[in-house]
Amino acid sequence: MTVPTIESLPPLADKLESAKRAAAYRAIDENIDFQNDRVIGIGSGSTVVYAAERLGQYLKDSEYSAQVAQFICIPTGFQSRRLILDNGLKLGSIEENAAIDVDFDGADEIDTDLNLIKGGGACLFQEKLVSTSSKKFVVVADYRKKAPKYLSTNWKSGIPIEIVPSAYVRVSDDLKKLGANHVIVRQGGSAKAGPVVTDNNNFLIDADFGMLENPAQLHDKIKALVGVVETGLFIDNACKAYIGNADGSVNVFTK
Ligand SMILES: O=C[C@H](O)[C@H](O)[C@H](O)COP(=O)(O)O
């Protein structure tokens with residue numbers, strides 16, 4: 001099998017899925033150095049599914065298979081482990097591969113400086129561990145994710161914050177003191193009575209601070225609270241964002 005060109009693929013029934021696929025496929029095509037890269041981060045969410053799928057296509061192509069079979073893929077959570085395994089890729093751990101060549105991951109919102117909100121799918125801590133351990137962090141997303149300027153313009157669910165479970169009351173109170181308009185401990189809804197538990201056995205708080213003109217400063221203040229493990233604000237971390245459009249085109253933003 002040879003890796004199919006993006007143009008030769010029939011569009012998916014859902015335009016949003018076509019947009020995600022176009023962004024992820026192009027990000028993989030343009031950001032892997034098949035000769036020199038060895039350790040690849042694979043993030044979480046519905047867009048990165050197509051990044052893992054594309055890497056799986058390279059694995060089946062005789063021109064690339066020898067190199068891709070040597071790639072060690074580092075996951076950012078349970079879903080991401082399955083994506084790696086289901087596409088026939090080699091699963092590795094960040095304990096044994098602390099330096100990652102390139103990481104691909106989705107985002108909930110992207111500002112004009114490529115700062116991100118992440119964690120809508122509850123995977124933010126491991127995502128940040130992997131993305132900040134990577135030489136290159138490439139974001140893959142669809143057209144709904146690009147903020148005109150500031151974060152929390154389109155993403156209205158608040159900033160996801162991973163916390164130690166026993167600290168949820170204290171952190172909730174402290175976030176309100178920092179100016180949060182609305183703070184909730186994320187609940188499992190009909191799938192689970194009680195809070196969502198992350199892959200690290202922690203809870204998540206979603207805290208709405210309105211539009212974020214200075215996300216770096218807010219990240220620092222939240223991170224300093226006792227009980228906070230990590231915030232879903234990814235500051236000065238991504239170097240490129242591939243944003244897929246409904247018509248199958250992709251806009252690339254570089255820092
Ligand atoms: O916790 C989840 C992650 O940060 C995801 O990467 C983020 O929510 C984007 O997911 P999706 O690609 O499904 O929009």
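Atoms within each ligand, like the ligands themselves, are counted from 1 in listed order. The figures here come from the full heavy-atom set of this structure, side chains too, leaving out hydrogens, waters and symmetry mates. Remember, it's a predicted structure, so these values are computed and weren't measured experimentally.
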Verdict with reasoning, Asp29 to Tyr242, per side-chain contact (heavy atoms from CB on, under 4.5 Å):
CA-CA 11 Å; Asp29 290 356; Tyr242 283 71; over 6 Å; no
Ionic contact status for Lys177 with Asp174, cut-off 4.0 Å:
yes
Quick one: salt bridge (charged side-chain N to carboxylate O under 4.0 Å, His left out) partners of Lys255, sequence neighbours excluded?
Asp236
Distance from Asp101 atom CG to Asn31 atom CG, nearest 0.5 Å?
12.5 Å
If hydrophobic clusters are built by linking Ile, Leu, Val, Met, Phe, Trp and Tyr wherever their side-chain heavy atoms come under 4.5 Å apart, do Leu89 and Ile74 end up in the same one?
no
Please check if any side-chain donor atom of Tyr25 sits under 3.5 Å from a side-chain acceptor atom of Glu53, or the reverse.
yes
Which N or O atoms of ligand 1 sit under 3.5 Å from a protein N or O, and how far apart is each pair?
unit_1, atom_1, unit_2, atom_2, d
ligand 1, 1 (O), Gly121, N, 2.9
ligand 1, 1 (O), Ala122, N, 3.1
ligand 1, 1 (O), Cys123, N, 3.0
ligand 1, 4 (O), Lys118, NZ, 3.0
ligand 1, 4 (O), Gly119, N, 2.9
ligand 1, 4 (O), Glu127, OE1, 2.7
ligand 1, 4 (O), Glu127, OE2, 3.2
ligand 1, 6 (O), Ser44, O, 2.8
ligand 1, 6 (O), Asp105, OD1, 3.4
ligand 1, 6 (O), Lys118, NZ, 3.0
ligand 1, 6 (O), Glu127, OE2, 3.4
ligand 1, 8 (O), Asp108, OD1, 2.7
ligand 1, 8 (O), Asp108, OD2, 3.3
ligand 1, 12 (O), Ser46, N, 3.4
ligand 1, 12 (O), Thr47, N, 3.1
ligand 1, 12 (O), Thr47, OG1, 2.6
ligand 1, 13 (O), Ser46, N, 2.7
ligand 1, 13 (O), Ser46, OG, 2.5
ligand 1, 14 (O), Lys145, NZ, 2.5

